[in-house]
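For reference, the structure is listed below as structure tokens.
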Amino acid sequence: MQGGGKSLAAKAVAGAWGVPLLRLDFATLYNKYYGETERNLRESLKTAGLMSPCVLWIDEIEKVGQRRRRWRPRQTYLGHAAHLDGRAQNKVFLVATANDNRSAAPELLRKGRFDEIFFVDLPSEAVRKAVFEIHLKKRGLDPSKFDTLALATQSPGFSGSEIEQAVVAALYSAHARKEELSTEHIKKELAATKPLSVVMAERVAYLRAWASTRTVPAE
């Protein structure tokens, strides 16, 4: 789910293990000149190998498939994917995140390149409460002065990033009124916001149905 914390999860892996985190954006690797894309990828993976042990994070891996169809023949793209097989000998742990599983290349998702696929769903009520507390603390506010349980109850379907934006918008609103931020300010912002789970309800339902029998829940 967009805004659900996929990127944060990738960063947390490296943080928990105490190893460097390298971000690989495939969109920056592609070059219209023959052989340059492959060279860029080889150099990036070589760098990861030199820094091992490390976590190599591929962000929005589904875009690899989109670029492949647009610019490269399939047999050339398969060569890109094959480069990922050699990471184990250099102790490079690969983590990839995606927003759209439908366009991801099947050859990238097979066992041996990725050991498991996790689904990061929208936060539960208990998690939403914790997220409100995190973003209040981040802005120098005392969460105990807010009814974070009521806020969590009022925000079903909100992602972590949408909760953050509700807090930010409430701060602006309170500042404009020259008032101290309160639970009511945040409640008003929540009531005025249509989360992505509502705007794109069909898409969210599809993702959950797809993930229910194909992935491991991230919680």
Would you give the length of the straight line joining atom [atom1] of [X] to atom [atom2] of [Y], rounded to the nearest 0.5 angstrom?
| X | Y | atom1 | atom2 | value |
| --- | --- | --- | --- | --- |
| Leu22 | Leu94 | CG | CG | 11.0 Å |
| Ile186 | His135 | CD1 | NE2 | 11.0 Å |
| Ser155 | Leu122 | OG | CG | 10.5 Å |

| Do Phe93 and Trp17 have ring centres separated by under 6.0 Å? | yes
Please report the shortest heavy-atom distance between [X] and [Y], naming the atom on each side.
| X | Y | answer |
| --- | --- | --- |
| Lys11 | Trp57 | CE-CZ3, 3.9 Å |
| Val19 | Pro53 | CB-O, 3.6 Å |
| Lys137 | Pro143 | CG-CG, 3.4 Å |
| Ser7 | Asp59 | OG-OD1, 4.3 Å |

Give a yes-or-no answer on whether the side chains of [X] and [Y] include a donor-acceptor pair shorter than 3.5 Å.
| X | Y | value |
| --- | --- | --- |
| Arg177 | Ser173 | yes |
| Asp147 | Thr183 | no |
| Ser159 | Glu162 | yes |

| query | Should the pair Lys138-Glu133 be classified as a salt bridge under the 4.0 Å nitrogen-to-oxygen rule? | reply | no
| query | Can you list every pair that meets side-chain hydrogen bond (donor to acceptor under 3.5 Å, both in side chains) and has a residue in residues 187-199, with sequence neighbours left out? | reply | none
| Do Arg139 and Glu164 pass the salt bridge (charged side-chain N to carboxylate O under 4.0 Å, His left out) test, and can you show the C-alpha distance, the side-chain angles, and the key distance before you say yes or no? | CA-CA 11 Å; Arg139 289 156 181 83; Glu164 180 181 16; 3.0 Å; yes
| Evaluation steps, side-chain contact (heavy atoms from CB on, under 4.5 Å), between Asp121 and Met1 | CA-CA 6 Å; Asp121 204 343; Met1 296 292 185; 3.6 Å; yes
